[in-house]
**Student:** 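Sharing a structure below in structure tokens format, with a few things to ask.
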There are 2 protein chains.
Amino acid sequence: MGKITTRTAIIEAADRLFYQRGFEATSFSDIAEIVKISRGNFYHHFKTKDEILDAVISNRLVMTQQLLHTWDAEGATPEERIRRFIHILIANWDKISAFGCPVGTLNTELVKLEHAEQPHALKLFSLFRSWLCHQFELLGHDAAAVELSMHLLARTQGVATVASAFNDEKFVRHEVQLMCDWLTSFADAASSGEKNVGNH
Amino acid sequence: MGKITTRTAIIEAADRLFYQRGFEATSFSDIAEIVKISRGNFYHHFKTKDEILDAVISNRLVMTQQLLHTWDAEGATPEERIRRFIHILIANWDKISAFGCPVGTLNTELVKLEHAEQPHALKLFSLFRSWLCHQFELLGHDAAAVELSMHLLARTQGVATVASAFNDEKFVRHEVQLMCDWLTSFADAASSGEKNVGNH
DNA sequence: GTCTATAGATTGATAGAC
DNA sequence: GTCTATCAATCTATAGAC
């Protein structure tokens, strides 16, 4: 696991380029230049470009699951864990400002292209959603957990898109604060038995 | 104005395809097929593909301004006008579900490509932001008007991204309801002199 | 103003030597 | 497993006839 082979090197280079330039805008030449192999050598490891995309997504799914496990291990409370999620916007701001959210932008591109791999890429979103959903359930919001996780997913996506377009870090910090405040009012409501499913 | 020339036909076809497939993924052949001209004929009207993009963005800016004027004319109150903005998500759901938000997805793509036209495309966002800002000022929220318009911009962007990825119309309707409720609580607070700049 | 023909580069993909 | 050589298609862009 994690062994450095040509195959994994291709996947990692493709992962980076698909994120930074987009899937369509990335060519075999671009990847070959990074991995230092010839273009012809690709086809020993992958039959088509789509197969590389498939491997990249699968790899991202594994990495994402590892990330979520880390958050599970390090976050003491569900509130703290969700806060961790919200704070990716700040922690990864350098990348997000330049290339947007890796999950959101990939899905958007594949939806537009009606690409067969879009359902696969959607699983990245679903992973976060399921994890968030579980955290909200732990906060005692069983009924609204799905809506709440979708809501938070959308909030973070929107902030990434708008902040990246305007290149506005101050806005990100402000919105992260708003989401954390919202979360706190939420966790408090949970511990006091109050209901707060509506607006935020 | 609005005269049907080859030039305007190219712009309209390019506009549609840049939205539906993305800028990079659209070729001259694709546009030529719609406009029914030869590929060589493009260069009588535009020197480069980037010039077509520039013309498309300029055209979108004009159309957007017209849309905002319509909302100004038809909406009796700032609250009603903002509601109009929020409801594009439902009104244009067919397109948004298939291709995302035309403003957000174009900006995201051009940011990734570090394209020289990105600042031009950003003006589309700025148009909506300025207009929203003005509406919030009319609601008596002078100090927070910029933050509020950016916040609403991000909310709608996030909903478009996530709903398009999941192809979930129900989620859109739910989030539109939440945003409208938030707006109402806002307008009420304004008329009763209360402050509500924080969380939503 | 529109066309055909074509340049020159690049694309994804293949074949076969080593 | 990696290479070179190459294919056919496509790309943006140009030149020049009509």
Side-chain angles (χ1 to χ4, degrees), chain A residues 1-57 59 106 109-110 112-118 120-121, chain B residues 1-57 59 106 109-110 112-118 120-121:
Chain A
M1 156 180 166
K3 214 169 47 179
I4 299 175
T5 62
T6 300
R7 187 190 155 88
T8 60
I10 290 173
I11 292 173
E12 276 168 31
D15 189 352
R16 213 175 80 201
L17 290 172
F18 290 173
Y19 174 39
Q20 294 179 345
R21 309 185 184 180
F23 170 69
E24 278 267 320
T26 298
S27 69
F28 281 81
S29 302
D30 297 329
I31 304 171
E33 202 172 333
I34 293 180
V35 186
K36 312 275 187 197
I37 59 169
S38 68
R39 288 205 318 279
N41 195 2
F42 276 101
Y43 299 87
H44 176 72
H45 304 279
F46 302 95
K47 277 199 278 287
T48 64
K49 192 183 175 186
D50 289 355
E51 270 194 18
I52 301 182
L53 176 60
D54 187 81
V56 165
I57 294 170
N59 187 56
L106 178 62
E109 185 181 2
L110 297 185
K112 262 190 213 283
L113 297 173
E114 297 181 289
H115 199 287
E117 288 289 333
Q118 196 267 328
H120 197 197
Chain B
M1 159 180 165
K3 213 166 50 176
I4 299 175
T5 62
T6 300
R7 187 189 155 87
T8 60
I10 290 173
I11 292 174
E12 275 168 32
D15 189 351
R16 213 175 82 200
L17 290 173
F18 289 172
Y19 175 39
Q20 295 178 346
R21 308 185 184 181
F23 170 68
E24 277 267 322
T26 298
S27 69
F28 282 81
S29 301
D30 297 329
I31 305 172
E33 202 171 334
I34 294 180
V35 186
K36 311 277 187 196
I37 59 169
S38 69
R39 288 203 318 279
N41 195 3
F42 276 101
Y43 298 88
H44 176 72
H45 304 279
F46 303 95
K47 275 199 278 288
T48 65
K49 192 183 174 186
D50 289 354
E51 271 195 17
I52 301 182
L53 175 60
D54 187 80
V56 165
I57 294 171
N59 187 55
L106 178 62
E109 185 180 2
L110 298 185
K112 262 189 212 287
L113 298 173
E114 298 180 288
H115 199 288
E117 288 288 333
Q118 196 267 329
H120 197 197

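Naming: A, B, ... by sequence-line order, numbering from 1 per chain.
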**Student:** Which residues in residues 10-31 of chain B have a heavy atom closer than 4.0 Å to any atom of DNA chain C?
**Tutor:** none
**Student:** Identify the heavy atoms of A:Gly22 and B:Lys112 that sit nearest to each other, and give their distance.
**Tutor:** N-CD, 3.9 Å
**Student:** Side chain of A:Ser38 only, heavy atoms from C-beta on: which candidate in D:dC3, C:dG12, D:dA13 is closest?
**Tutor:** D:dC3
**Student:** Can you tell me how far the CD1 atom of A:Ile52 sits from the NE2 atom of A:His45, to the nearest 0.5 Å?
**Tutor:** 10.0 Å
**Student:** In whole Å, I'd like the distance from the CZ atom of A:Phe46 to the C1' atom of D:dG1.
**Tutor:** 14 Å
**Student:** Closer than 3.5 angstrom, by distance alone: can the side chain of B:Glu24 be matched with the main-chain N or O of A:Glu24 as a donor-acceptor pair?
**Tutor:** no
**Student:** Just by distance, no angles: are the side chains of B:Gln118 and B:His115 close enough, under 3.5 Å, to form a donor-acceptor pair?
**Tutor:** no
**Student:** Using atom CD of A:Glu51 as one end and atom P of C:dT14 as the other, report the distance to the nearest whole Å.
**Tutor:** 11 Å
**Student:** Do B:Thr8 and B:Val35 have side chains that get closer than 4.5 Å, going by heavy atoms?
**Tutor:** no
**Student:** Minimum heavy-atom separation for B:Ala55 and B:Phe46, please, with both atom names.
**Tutor:** CB-CE2, 3.8 Å
**Student:** Could you state the CD1-C1' distance from A:Ile4 to D:dG1, rounded to the nearest angstrom?
**Tutor:** 17 Å
**Student:** Through what angle, rounded to 10 degrees, does the axis of the helix from C:dG1-D:dC18 to C:dC18-D:dG1 turn between its ends, using five pairs per end?
**Tutor:** 0°
**Student:** Does C:dT14 have its OP1 or OP2 closer than 4.0 Å to a side-chain nitrogen or oxygen of A:His44?
**Tutor:** no
**Student:** Working to the nearest 0.5 Å, report the span between CG of B:Asn59 and CD of B:Glu12.
**Tutor:** 7.0 Å
**Student:** Taking A:Thr26 for the side chain and A:Ala14 for the main chain, is one N or O donor matched with an acceptor at less than 3.5 Å?
**Tutor:** no
**Student:** Let me know the distance between CG of A:Leu113 and C1' of C:dG12, rounded to the nearest Å.
**Tutor:** 16 Å
**Student:** Scan nucleotides 14-18 of chain D against the protein and return all N/O pairs shorter than 3.5 Å with their distances rounded to 0.1 Å.
**Tutor:**
none

**Student:** In this structure, how many angstroms lie between the C1' atom of D:dG1 and the CZ atom of A:Phe42, rounded?
**Tutor:** 14 Å
**Student:** Take atom NZ of B:Lys49 and atom C1' of C:dT10, then tell me their distance rounded to the nearest Å.
**Tutor:** 14 Å
**Student:** Is there a donor-acceptor contact under 3.5 Å from the side chain of A:Asp30 to the main chain of A:Ser27?
**Tutor:** yes
**Student:** So, A:Lys49 side chain and A:Phe28 main chain: donor-acceptor pair closer than 3.5 Å or not?
**Tutor:** no
**Student:** Quick check against the 3.5 Å criterion: does A:Glu109 have a side-chain atom that pairs as donor or acceptor with the backbone of A:Phe23?
**Tutor:** yes
